[in-house]
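Below is one structure; the comments refer to it alone.
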Amino acid sequence: MSRRIKRTISPRDRAKAGAKGSVKGRDRDRDQDRGKAVAGPRSRKPDDRKSSDRPFSQRAAAKPPRFAEPRRDRLQRPEPAAPKPAKAAAEQPLPTKVQTVVVTADENGMRVDRFLEARFPGLSFSHIQRIVRKGELRVNGKRADSKDRLEEGQSVRIPPLRLDTPKTTGTLSEAEAKTLQALKDMTLYEDDDVLVLNKPAGLAVQGGSGMTRHVDQMLEVMRDAKGQKPRLVHRIDRETSGCLLIAKTRFAASFLTGAFRHRSARKIYWALVAGVPKPKQGRISTYLAKEESEEDSIMRIAEHGDEGASHAVTYYAVVEASATKLAWVSLKPVTGRTHQLRAHMAHIDHAIVGDPKYFNKENWQLPGGLQNRLHLLARRIVIPHPRGGVIDVSAPLPPHMLQSWNLLGLEADRFDPIENAPEE
């Protein structure tokens with residue numbers, strides 16, 4: 001052992017070791033010669049304890065709850081920079097000729113409409129929908145839908161475009177300033193990535209035939225300095241009021257859309273229905289298909305295998321009844337089909353009060369004082385936040401429903417039994 005020390009310790013260090021004359025000193029000098037800093041025998045620190053010594057809250061659970069706080073090491077990451085092609089396109093003169101571009105790796109998996117928004121900031125939603133609907137935009141030579149997802153390497157034929165000049169701070173007109181204030185008045189929650197609006201009944205989420213004012217059009221006034229405007233993550237019916245989730249960044253839009261796709265989002269609705277459902281808690285599972293007519297279109301109950309039929313599942317629970325005439329029902333849709341809740345409640349013969357499409361009970365009189373308007377509220381939304389944690393927002397009863405609750409003596413702060421309904 002002494003030979004080994006003589007070979008590895010320098011004369012200067014050997015002198016120090018001799019002066020100290022201890023094994024502990026020789027061990028320290030040997031480690032210094034190897035380039036290490038040793039402070040003596042290693043003592044056990046609190047952080048060195050075994051996993052079994054940790055508090056329960058610090059142990060890794062076998063399977064986290066569905067709505068538990070997401071792992072921050074996965075979600076807390078900086079927002080990815082906008083793809084270079086989008087920046088380059090924004091700096092180029094307005095495209096007045098047909099051009100063909102190739103989908104980059106950064107754009108892989110993007111929807112067609114999001115791809116155009118990223119490439120050409122300032123391009124209006126209506127203009128995107130028009131060129132896609134007319135077949136002017138082609139992917140690998142074929143027509144595409146705005147919801148189709150692109151793959152790296154695909155060629156996209158883009159027709160001449162008409163770009164709107166991105167708004168800059170301080171240049172809003174009087175009408176735009178009023179629109180911005182209207183959005184602020186609707187806001188239930190807002191941060192750098194997410195916006196939750198309390199959409200009033202009667203305001204459409206997206207435009208349609210003869211539609212001049214809708215949420216998507218109103219969001220134009222919230223474009224940032226890069227020309228990017230907040231994006232719709234999901235939809236609710238025009239006559240339905242309540243929580244509407246908006247993504248303010250592309251990063252948030254991608255994350256939240258994925259949460260809806262993988263059913264990590266939980267939505268709860270309140271409704272006033274005709275009669276009292278029996279049993280008071282249940283599950284409705286059917287197939288729904290769109291039925292078109294000259295005047296309107298509705299969702300009908302369909303059979304498995306019918307053309308255009310999609311499976312739809314809804315849980316319901318009676319919160320409180322008003323005699324046998326009316327019931328306050330809480331609803332949790334597992335799937336997100338068009339008019340799903342309205343069609344399902346009509347299917348079990350307890351249609352939602354004020355529903356112009358699905359209320360078909362004969363000889364039924366609306367109690368005095370209640371307004372003949374759709375009594376359906378998107379009450380609450382719970383969804384993982386893109387950067388960690390959970391978004392949990394509730395909307396108050398709209399004026400016409402609050403009036404009905406007061407007239408019927410319903411207590412809006414009662415326990416909501418739908419909380420315990422399954423997630424599938």
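Note that the coordinates shown come from a computational prediction; the quantities given were computed from them, not determined experimentally.
A donor-acceptor pair is defined here as one N or O able to donate and one able to accept, closer than 3.5 Å; such a pair exists between the side chain of N108 and the backbone of E152. Using modelled atom types, one side-chain atom of T335 and one backbone atom of V313 make a donor-acceptor pair closer than 3.5 Å. Judged purely by atom type and a 3.5 angstrom limit, N140 uses its side chain to pair as donor or acceptor with the backbone of S155. Within the 3.5 Å criterion, the main-chain N or O of S173 finds no donor-acceptor partner in the side chain of K178. Checking side-chain atoms of H339 against main-chain N and O of R342 turns up no donor-acceptor pair under 3.5 Å. H311 contributes no side-chain N or O that, together with a main-chain N or O of Y287, makes up a donor-acceptor pair within less than 3.5 Å. Side chain of H344 to backbone of Y315: no donor-acceptor contact under 3.5 angstrom is found. With hydrogens and angles ignored, the 3.5 Å screen pairs no side-chain donor or acceptor of K229 with any backbone N or O of M218. Here the side chain of E107 pairs no donor or acceptor atom with the backbone of L150 at under 3.5 angstrom.
Just one residue in the list K290, R337, Q340, M299 forms a side-chain contact (heavy atoms from CB on, under 4.5 Å) with S310, and that residue is R337. For the side-chain contact (heavy atoms from CB on, under 4.5 Å) criterion with L197, the lone passing option out of D185, L203, L183, V393 is L183. Partner of D191 under the side-chain hydrogen bond (donor to acceptor under 3.5 Å, both in side chains) criterion, out of H385, K248, R387: H385 alone.
Atom CD in E291 sits 11.0 Å away from atom CD1 in I301 (nearest 0.5 Å). Separation of atoms CD1 (I131) and CG (L116) is listed at 5.0 Å; rounding is to 0.5 Å. To the nearest 0.5 Å, atom CZ of residue R379 and atom OG of residue S394 are 4.5 Å apart. Atom CG of residue L410 and atom CG of residue L326 lie 8.5 Å apart, to the nearest 0.5 angstrom. R143 CZ to R133 CZ: the interatomic distance, rounded to the nearest 0.5 Å, is 10.5 Å. We find the CD1-CD1 distance between I348 and I284 to be 4.0 Å, quoted to the nearest 0.5 Å.
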(request) Apply side-chain contact (heavy atoms from CB on, under 4.5 Å) to Y316 and L341, showing your working. (result) CA-CA 10 Å; Y316 74 86; L341 301 180; over 6 Å; no
(message) Let's go through V382 and I268 carefully: what are the C-alpha distance in whole Å and the side-chain angles of both, what is the deciding distance for side-chain contact (heavy atoms from CB on, under 4.5 Å) to 0.1 Å, and is it a yes or a no?
(response) CA-CA 9 Å; V382 183; I268 294 174; over 6 Å; no
(request) Check the pair V205 / L244 against side-chain contact (heavy atoms from CB on, under 4.5 Å), numbers first and verdict last. (result) CA-CA 9 Å; V205 173; L244 180 66; 4.2 Å; yes
(message) Assess the residue pair L137 and F115 against the criterion (side-chain contact (heavy atoms from CB on, under 4.5 Å)); give the C-alpha distance rounded to whole Å, side-chain angles, the decisive distance to 0.1 Å, and a yes or no.
(response) CA-CA 12 Å; L137 182 138; F115 169 83; 5.8 Å; no
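Within the 4.5 Å cutoff, side-chain heavy atoms of I391 are placed close to those of V194. E176 has its side chain out of reach of E220: every pair of non-hydrogen atoms, C-beta onward, lies at least 4.5 Å apart. Two residues are said to be in side-chain contact when any heavy atoms from C-beta on lie closer than 4.5 Å; S293 and D296 meet this criterion. Residues Y189 and I381 form no side-chain contact, since every pair of their non-hydrogen atoms from C-beta on lies 4.5 Å or further apart. No side-chain heavy atom of W328 sits under 4.5 Å from any side-chain heavy atom of H375. Looking at heavy atoms from C-beta onward, M222 lies in side-chain contact with L195 at the 4.5 angstrom threshold. Residues S404 and Q371 are not in side-chain contact: their nearest non-hydrogen atoms beyond the backbone lie 4.5 Å or more apart. Between I158 and R119 there is no side-chain heavy-atom pair separated by less than 4.5 Å.
The number of heavy atoms from other shown groups lying within 6.0 Å of CG (D413) is above 12. Around atom NZ of K361, more than 12 heavy atoms belonging to other residues, nucleotides or ligands sit under 6.0 Å away. More than 12 heavy atoms of other shown residues, nucleotides or ligands fall within 6.0 angstrom of atom CD in E292.
Applying the side chain to side chain contact (heavy atoms under 4.5 Å, CB included) criterion to L402, with sequence neighbours excluded, gives L397, N406.
Across S241 and P398, no two heavy atoms sit closer than the pair OG-CG, 3.2 Å. Across all their heavy atoms, V132 and S146 have their closest contact at CG1-N, 3.5 Å. Closest non-hydrogen pair, T257 versus V233, comes out as N-CG1, 4.2 Å. In plain terms, the two heavy atoms of F255 and P384 that are nearest each other are CE2-O, 3.4 Å. Of all the heavy atoms in F260 and H234, the pair that sits closest is CZ-CG, 3.8 Å. Considering every non-hydrogen atom in both D192 and T249, the closest pair reads O-CG2, 3.7 Å.
Looking at R380 and D416, no side-chain N of the basic residue comes within less than 4.0 Å of a carboxylate O on the acidic one, giving no salt bridge. Checked for salt-bridge contact, R111 and D113 meet the test: a charged N lies under 4.0 Å from a carboxylate O.
If you check the side chains of H347 and T286, you find no donor sitting under 3.5 Å from an acceptor.
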